[in-house]
Amino acid sequence: MNVYSHIKEIVAISLEYLAASDRLPHGLDATAVTVEPPRDPAHGDLATNAAMVLAKQARMNPRELGGLLAETVAGHDDVESAEVAGPGFVNLRLSPSFWRARVAEILRTGADYGASTMGAGRAVNVEYVSANPTGPMHVGHGRGAVVGDALASLLAKAGFEVVREYYINDAGAQVETLARSLHLRYREALGEEIGAVPEGLYPGEYLVPVARLIAAEDGDKWRDAAEDVWLESFRARAVDAMMALIREDLAALGVEHSVFTSERALAAAGAIDDVVTGLEARDLVYTGTLEPPKGKPPPDDWEARPQLLFRATQFGDDVDRPLRKSDGSWTYFASDIAYHLDKYRRGFATMVDVWGADHKGYVKRMQAAVKAVSNGEAALDVRLCNLVNLSEAGEPVKMSKRSGNFVTLRDVIDEVGRDAVRFIMLTRNNEALLDFDLKKVTEQSRDNPVFYVQYAHARICSVLRNAAEAFPGLELDDSSLANADLAILGDESELAMIKLLAGWPRAVESAAEAFEPHRIAFFLTDLAASFHGFWNRGNDDESLRFIVAGDADTTRSRVALARAVALVIASGLTVMGVKPVEEMR
RNA sequence: GCGCCCGUAGCUCAGCAGGAUAGAGCACAGGAUUCCUAAUCCUGGGGUCGCAGGUUCGAAUCCUGCCGGGCGCGCCA
């Protein structure tokens, strides 16, 4: 249960009741009414702004209206007290038994606790990674992969029907460059001395094994052939090999896409021609000349040239955007329009693309295009992921791409583990720069959030093990724990922990609403802090330990609470794609 | 030049659809260890939420202008 929605419902019913008994006007518009946690816990568990928001409509003073509302709401079983405060807030305290019932609810619901019906089964397409198949993934791609994957899981938990998609950019100049790079490596594999890889080709050594394989299978049949003879074959084999590499990287990260769409296949099927024809028919395409870009350095090779343009300005973009390059081929934008139309036709009116922040200038035109091809039926949301600064014990780690020997995502995963990578990638808003210190993320200390949260989970698992040992006859499975006498949980820090737990469904919904999976990491860190805090109170006061010698009832109730914390932590980590650990070593 | 993002404690950052006295960690100062894992916890000082206006019962949050930083602006994807 989402406590906030539940109380909002009670507030709404109370307002209706007051209207029915003629103490409030009928038909008040309550859409602006919210129920939120007050900043200061001294103000109660929850507060509603209803009286302030409705005062004007009702032609009443907010405190007077608040008084009526407080009196009515306080009559509900779940509400212990309600009072008007400040400018007209109604502060609510819920009954301890209501809060304790959340623990039982969590234990009965298990891993599904926090799942929401907010999405109502609506289809959402989340496209992420979509790294060009020209080499292994680097750390920046990894961030996009983690953010996209966690966002997809988050939306699924919030009740959306989610498809995780990867767009393979296997058309265009970059993959041709890749093919040429592969051919060079192929000649090398045949024994030729190639020297330094020329500027403009990919120098990475990851093409070497692919080249050797071709040499072994085909011998020298391509060596002296003209480029147009081998290009197609080398391109295809290079792309396949690179995609295999990328899929391995993704697997190492635990990221799994359900749909891979090939740009080349889309183009071959005529999708680009079709979409442009369709836009032409609606007069959204014309031939015109663009102004030179207004940037500081006027590009030296600039020449005004009429070209085929999409009327992006009609859909909120700043300028109309070119669809054809000067050599007559389609721009990347043109094929991307076709791709997004394809997604729309597959049933996705809500699309989310996760891109690198360097593509920021591309967002408006793509959103304009989605609006255009769907007649305004579909919307595209773009999440931009900023740079990751790798460091080791404070020293920046060089990531020289030019030498081809950059630190790959795989290197980092092998070094610190998948879970640490995933967690750290979600400790910042996706648009903020992220510092990733290889040393720090494996430290076992308070300032490593990965450890801190996992440690809380591990401690709880340890409590379960120890409790079973201390009280051999005690039933400690979740459904038995759900029947424990929770009335024993009366300490303020216990109730505070329960209130945090009860906030999980709301946290899921608001994170999903905002498309911000990093909020889950913050939620879990707060919950872990609350748990560690209570744990340490047991050091000072033995009666506040989870396992209380000679007191099976208290132990059972506390273990129930601990287990509920573990379930929520595990549930959150699962959204993040991190595996909860049962023991720290 | 235009567009978008950012500016919150010494540092790194949260701040939920505008709510009450702006939070956390690090760092700094002090304290808790016969302990269910002290790998943790507790206490304390520390702020003109970049600046200036506006909107309203109420603004770190929304709007406008300015300052500072980042990114983008056809033939890369």
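So you know, we letter chains A, B, ... as the sequences are listed, proteins then strands, and number each from 1.
At the heavy-atom level, Phe546(A) lies under 4.0 Å from base atoms of the strands shown. Within the 4.0 angstrom heavy-atom criterion, only backbone atoms of the sugar-phosphate kind lie near Arg428(A); the bases stay farther away. Counting non-hydrogen atoms under 4.0 angstrom, Gly538(A) reaches a base of the nucleic acid. As judged by a 4.0 angstrom heavy-atom cut-off over every strand, Arg545(A) is placed among the base-contacting residues. Backbone-only contact: Pro322(A) has heavy atoms under 4.0 Å from sugar-phosphate atoms and none from a base. Nucleic acid contact class of Asn61(A) (heavy atoms, under 4.0 Å, all strands): none. Nucleic acid contact for Phe451(A): base, since at least one base atom lies under 4.0 Å from a heavy atom of the residue. Backbone-only engagement by Asp540(A) is indicated by non-hydrogen atom pairs under 4.0 Å involving sugar-phosphate atoms exclusively. Nucleic acid contact class of Leu384(A) (heavy atoms, under 4.0 Å, all strands): none. Across all strands shown, Ala55(A) has no heavy atoms under 4.0 Å from either base or sugar-phosphate atoms. Counting any heavy atom pair closer than 4.0 Å across all strands shown, Asn539(A) reaches a base atom. The residue Asp317(A) sits apart from the nucleic acid: no heavy atom pair falls under 4.0 Å. Among the protein residues, Arg465(A) comes within range of no part of the nucleic acid, since none of its heavy atoms lies under 4.0 Å from any strand. Heavy atoms of Arg446(A) sit under 4.0 angstrom from primed sugar atoms or phosphate atoms, though from no base atom.
When ring centroids are compared, Phe531(A) and Phe546(A) come within the 6.0 Å threshold. Here Phe310(A) and Tyr286(A) keep their ring centres 6.0 angstrom or further from each other. Ring-centre distance between Tyr128(A) and Tyr166(A): not below the 6.0 Å cut-off.
For the residue pair His340(A)/Asp353(A), the side-chain donor-acceptor check at 3.5 Å is satisfied. Between the side chains of Tyr362(A) and Gln367(A), no donor-acceptor pair is found at a separation under 3.5 Å. Neither side chain, Arg324(A) nor Ser329(A), offers a donor N or O lying under 3.5 Å from an acceptor on the other.
Comparing the C1' positions of A14(B) and G7(B) gives a spacing of 15 Å, expressed to the nearest Å. Between C16(B) and G74(B), the two P atoms lie 35 Å apart (nearest whole Å). Spacing between U8(B) and G46(B) at atom C1', rounded to whole Å, works out to 14 Å. Rounded to whole Å, the P atom of U21(B) lies 10 Å from the corresponding atom of A60(B). When the C1' atom is used for both C63(B) and U55(B), the distance is 7 Å, rounded to whole Å. For the P atom pair drawn from G10(B) and G50(B), the interatomic distance equals 13 Å after rounding to whole Å. Using C1' as the reference atom, C28(B) and C36(B) are 32 Å apart when rounded to the nearest Å.
Side chain of Asp447(A), nearest nucleotide from G74(B), G25(B), A77(B): G25(B). Closest to the side chain of Lys364(A), from the set C76(B), C16(B), C4(B), is C4(B). Comparing atom distances between the Lys360(A) side chain and each of G15(B), G74(B), G70(B) picks out G70(B) as nearest. Out of A77(B), U37(B), C4(B), the shortest distance to the side chain of Ala173(A) is found at A77(B). Each of U37(B), G74(B), A77(B) was ranked by its minimum atom distance to the side chain of Tyr455(A); first place goes to U37(B). Among the nucleotides U37(B), C76(B), C16(B), the one closest to any side-chain atom of Ala458(A) is U37(B). The side chain of Pro87(A) has C57(B) as its nearest neighbour among G74(B), G3(B), C57(B). Between C36(B), G3(B), C57(B), one nucleotide has an atom nearer to the side chain of Val463(A) than all others, and that is C36(B). Listed candidates were A20(B), G70(B), C41(B). Nearest to the side chain of Pro38(A) is A20(B). Considering only the side chain of Asn169(A), A77(B) comes nearest among A77(B), G74(B), C13(B).
Rounded to whole Å, atom P of U33(B) lies 17 Å from atom CH2 of Trp535(A). At whole-Å resolution of the value, CD in Gln454(A) and P in U37(B) are 17 Å apart. Taking atom CG of residue Leu474(A) and atom C1' of nucleotide C36(B), one finds them 14 Å apart after rounding to whole Å. Regarding Leu500(A), its CG atom lies at a distance of 14 Å from the P atom of A24(B), rounded to whole Å.
Cation-pi contact between Arg321(A) and Phe333(A): absent, since separation from the ring centre below 6.0 Å together with deviation from the ring axis within 45° is not met.
Taking all atoms of both residues into account, the shortest heavy-atom contact from Asp170(A) to Glu263(A) is OD1-N, 3.2 Å.
Applying the 3.5 Å distance criterion, the base of U40(B) shares a donor-acceptor pair with the side chain of Asn536(A). On a pure distance criterion of 3.5 Å, a polar donor-acceptor pair joins the side chain of Ser326(A) and the base of C75(B). One can find a donor-acceptor pair under 3.5 Å joining the base of A20(B) and the side-chain atoms of Asn91(A).
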Review item, side-chain donor-acceptor pairs of residues 58-69 of chain A, under 3.5 Å, at least two apart:
from	atom 1	to	atom 2	distance (Å)
Asn61(A)	OD1	Arg63(A)	N	2.7
Asn61(A)	OD1	Glu64(A)	N	3.2
Arg63(A)	NH1	Gly86(A)	O	2.6

Side chains of residues 454-469 of chain A: which donor-acceptor partners sit under 3.5 Å, not counting sequence neighbours?
from	atom 1	to	atom 2	distance (Å)
Gln454(A)	OE1	Val581(A)	N	2.9
Gln454(A)	NE2	Lys579(A)	O	2.9
Tyr455(A)	OH	Arg459(A)	NE	3.2
Tyr455(A)	OH	Arg459(A)	NH2	3.1
His457(A)	ND1	Val581(A)	O	2.7
Arg459(A)	NH1	His532(A)	ND1	3.1
Ser462(A)	OG	Asn466(A)	ND2	3.3
Arg465(A)	NH1	Glu582(A)	O	3.3
Asn466(A)	ND2	Ser462(A)	O	3.2

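The nearest heavy atom of RNA chain B to Met52(A) and to Ile547(A) marks one nucleotide each, and the one closer to the 5' end goes with Met52(A). Mapping Leu434(A) and Ala514(A) onto RNA chain B via the closest heavy atom, the residue that lands nearer the 5' end is Leu434(A).
For the pair Tyr332(A) and C76(B), the ring geometry does not qualify as stacking, because the centroid separation below 5.5 Å and plane angle under 30° are not jointly satisfied. In this pair, Phe89(A) lays its aromatic ring flat on the base of A20(B), centres within 5.5 Å and planes under 30 degrees apart. Here His359(A) does not pack flat against the base of G72(B), since the 5.5 angstrom centre distance and 30 degree tilt limits are not both met.
Of the listed residues (Asp320(A), Thr289(A), Val285(A), Leu284(A)), just one forms a side chain to side chain contact (heavy atoms under 4.5 Å, CB included) with Leu309(A), and that residue is Asp320(A).
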For RNA chain B, produce a single dot-bracket line, 5' to 3'. Pairs: Watson-Crick or G-U wobble, both distances under 3.5 Å. Symbols: ( ) within strand, [ ] crossing, | other strand, . unpaired.
-> (((((((..((((.....[...)))).(((((.......))))).....(((((..]....))))))))))))....
